[in-house]
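Everything below concerns the one structure shown next.
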Protein chains: 2
Amino acid sequence: MNKIEVIITDDHKLFRDGLRSILQQFDDIEIIGEASSEIELMRMLKEGYDPDIVLMDISLPDGNGLDIIKQMKEEYVSIKCVVITMHADGQYVVKAVKNGAYGYLLKSVDQAELVEAIKTVGLGKKYFNAEVSQLMVTDMALQQDQETNLSERELEVLRLVAQGYTTKEIANQLYVSARTIETHRVNIMRKLNVQNSAEMIKKAAKCDLI
Amino acid sequence: MNKIEVIITDDHKLFRDGLRSILQQFDDIEIIGEASSEIELMRMLKEGYDPDIVLMDISLPDGNGLDIIKQMKEEYVSIKCVVITMHADGQYVVKAVKNGAYGYLLKSVDQAELVEAIKTVGLGKKYFNAEVSQLMVTDMALQQDQETNLSERELEVLRLVAQGYTTKEIANQLYVSARTIETHRVNIMRKLNVQNSAEMIKKAAKCDLI
DNA sequence: TTAGCACTCAGTATAAATACTGATTAACAT
DNA sequence: ATGTTAATCAGTATTTATACTGAGTGCTAA
């Protein structure tokens, strides 16, 4: 069996050393490099490093660690990113998942779980433990809790607006005057607590109304 | 300790009987009712049934089971819904979570896990096992895979548009002419393959570009 | 070195949205 | 009964967006 090749990315040398020390004990895992920043990581990849897994802290000094996951995934399709962080924040987890991360580990995990995560991801599967899943679930449930109280008619209008129909077109479709639709739009914006159509559609999309 | 009061909702009597038979063995769980449809369930709740948990199949004959979770949550805040279904579909899981479900079980789970889920939810915590979390994660990662290829500048403009700034305002902020911003808008819409600003914002929101 | 793309900018005309002022009717719950 | 809300409709003026025609510069990768 081939070794799982890993690059560790974290701005704290001591932490990198610790990880290396732990992972060195396993014959099927090999640390092929370390980076102390996103820039350094990207430079290494550009220079030809080709790890199976990048183990990455997302509170790096240069920029947002979550964005780099996406970037890396686009440029180096085969590399799988496992986030390791102290941030027990559902939004971070969701963002990481959406950006293509293969795993999300809290720094509170133990050795055994770290290794299990790496091996799981090494097989091409994703690794998110119960705690992390919980964070994600809780966050998603919260997002939905923004009550809207739009009437049926308003929802209907909102959906048509979001589909790109103009006020006039909607009026024709619903057999009412354009004035009516305009009133609806104003009321919808008031209820969603936004100032204009762009924000209205954004908020509607975020709240899954459309 | 109080018993966890459960209503089983499923359109197959045999399945309800099976669940009842399993759960009856546990002293701290009590089946206080059964419903064979959403309508029946809602009627029971209206009549005063007040379960801790509703164990619900989401492929019921009358309407979409996922929507009823939301409805129930709004009208009966204290009731926790646990979905039990044969649909191993990430989108369903995501939707269930967003609608406020406290758990999602595949019909392939065993007795032990069913009971564990009920007890966990009974304590007010959510229960989503590794398999289900996996489905959810996979689905979310997929959604993100729609490539966009917007340039940095275009993303910047897009985000400002979504925040409700007008073309002129954006032009002032970025120290370029309004023409330039208009060109950007047109290019963004072309790249996102949409016909107007409303669709542009909707698509951007759905793809988490903003 | 040439082709493509990002980014910038222009005029003219029309279509649409927004801001302000209002109003009537019907349903529904306190 | 009375207040609240949904749903409908109106005029006028202004601001924005859109559609059509374009173009020049500078970078980069084939």
Side-chain angles (χ1 to χ4, degrees), chain A residues 42-43 45-48 67 71 74-77 147-205 209-210, chain B residues 42 46 71 74-76 147-205 209-210:
Chain A
M42 292 309 277
R43 188 170 47 69
L45 298 180
K46 202 156 203 164
E47 284 171 1
D67 289 335
Q71 195 182 327
E74 281 164 10
E75 297 180 32
Y76 310 94
V77 183
E147 294 254 349
T148 53
N149 294 322
L150 294 189
S151 69
E152 279 306 310
R153 194 58 154 177
E154 286 165 346
L155 260 182
E156 194 176 5
V157 171
L158 174 58
R159 287 181 176 129
L160 290 168
V161 171
Q163 278 165 47
Y165 292 107
T166 67
T167 295
K168 202 179 287 180
E169 286 167 345
I170 296 170
N172 287 336
Q173 276 190 53
L174 301 183
Y175 302 106
V176 297
S177 88
R179 304 288 174 182
T180 304
I181 302 303
E182 279 174 23
T183 305
H184 284 313
R185 295 179 72 134
V186 171
N187 290 336
I188 293 166
M189 287 193 278
R190 182 177 41 73
K191 287 187 181 182
L192 291 184
N193 197 30
V194 295
Q195 267 59 58
N196 50 62
S197 293
E199 278 188 291
M200 176 178 80
I201 292 169
K202 182 177 66 166
K203 185 144 192 172
L209 298 174
I210 52 180
Chain B
M42 292 310 278
K46 202 159 204 161
Q71 195 182 329
E74 281 165 9
E75 296 180 34
Y76 309 96
E147 295 253 350
T148 54
N149 293 325
L150 293 189
S151 71
E152 279 306 310
R153 193 58 154 179
E154 286 165 347
L155 260 182
E156 193 176 6
V157 171
L158 174 58
R159 288 182 177 128
L160 290 168
V161 171
Q163 279 166 46
Y165 292 106
T166 66
T167 294
K168 201 178 290 179
E169 287 167 344
I170 295 171
N172 287 335
Q173 274 189 54
L174 301 184
Y175 304 108
V176 296
S177 88
R179 301 290 173 182
T180 304
I181 302 304
E182 279 172 26
T183 305
H184 283 314
R185 295 180 72 135
V186 170
N187 289 337
I188 293 166
M189 288 193 277
R190 180 176 43 73
K191 287 188 180 180
L192 292 183
N193 197 29
V194 295
Q195 267 59 56
N196 50 60
S197 293
E199 278 188 290
M200 176 179 79
I201 292 170
K202 183 177 66 167
K203 185 142 193 175
L209 298 175
I210 51 180

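The sequence lines fix the lettering, A, B, ..., with proteins before strands; numbering per chain opens at 1.
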How does each nucleotide of nucleotides 24-30 of chain D score, in 5' to 3' order, for protein heavy atoms under 4.0 Å: base (B), sugar-phosphate only (S), or none (-)? -------
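The side chain of Ser151(B) sits closest to dA6(C) out of dA6(C), dT18(C), dT8(C). Side-chain proximity of Thr166(B) to the nucleotides dA7(D), dT16(D), dA17(C) is greatest for dT16(D).
In this structure, CG of Asn196(A) is placed 17 Å from C1' of dT14(D), rounded to the nearest angstrom. For Asn187(A) and dT18(C), the CG to C1' distance is 14 Å, given to the nearest whole Å. Residue Tyr165(B) contributes atom OH, which lies 17 Å from atom P of dT18(C) at whole-angstrom precision. Distance, Arg190(B) CZ to dA6(C) C1': 11 Å, rounded to whole Å. Look at CD1 on Ile188(A): it is 17 Å from P on dT5(D), rounded to the nearest Å. Atom C1' of nucleotide dC9(D) and atom CD1 of Ile170(A) are separated by 17 Å, given to the nearest angstrom. Here the P atom of nucleotide dA6(C) and the CZ atom of Arg185(B) are 18 Å apart, to the nearest Å. The distance between atom CE of Met189(A) and atom C1' of dC20(C), rounded to the nearest whole Å, is 14 Å.
Under the side chain to side chain contact (heavy atoms under 4.5 Å, CB included) rule, Val157(A) has a single partner from Val161(A), Leu155(A), Leu160(A), which is Val161(A).
Residues from residues 175-184 of chain B that place a heavy atom under 4.0 Å from any atom of DNA chain C, listed by number: Val176(B), Ser177(B), Arg179(B), Thr180(B), Thr183(B), His184(B).
Between Arg185(B) and Glu182(B), no side-chain nitrogen of the basic residue sits less than 4.0 Å from a carboxylate oxygen of the acidic one, so the salt-bridge criterion is not met. Salt bridge Arg153(A)/Glu156(A): present, at least one basic N to carboxylate O contact under 4.0 Å.
Lys191(B) has a side-chain polar atom (N or O) that falls below the 4.0 Å cut-off from OP1 or OP2 of dA6(C). Side-chain nitrogen and oxygen atoms of Thr167(B) include at least one within less than 4.0 Å of the OP1 or OP2 phosphate oxygen of dA17(D). Residue Lys168(A) places at least one side-chain N or O closer than 4.0 Å to OP1 or OP2 of dA16(C).
Residues Met42(A) and Tyr76(A) form a side-chain contact, since some pair of their non-hydrogen atoms from C-beta on lies under 4.5 Å apart. Residues Gln163(A) and Lys202(B) form a side-chain contact, since some pair of their non-hydrogen atoms from C-beta on lies under 4.5 Å apart.
In this structure, Ala205(B) and Ala205(A) approach most closely via the heavy-atom pair CB-CB, 3.3 Å. For the residue pair Ile181(A) and Val176(A), the shortest heavy atom distance occurs at CD1-CG2, 3.7 Å.
Among residues two or more places apart in sequence or in another chain, the salt bridge (charged side-chain N to carboxylate O under 4.0 Å, His left out) test is passed with Arg179(B) by none.
Residue Glu152(B) places its CD atom among 12 or fewer non-hydrogen atoms of other residues, nucleotides or ligands, all under 6.0 Å distant.
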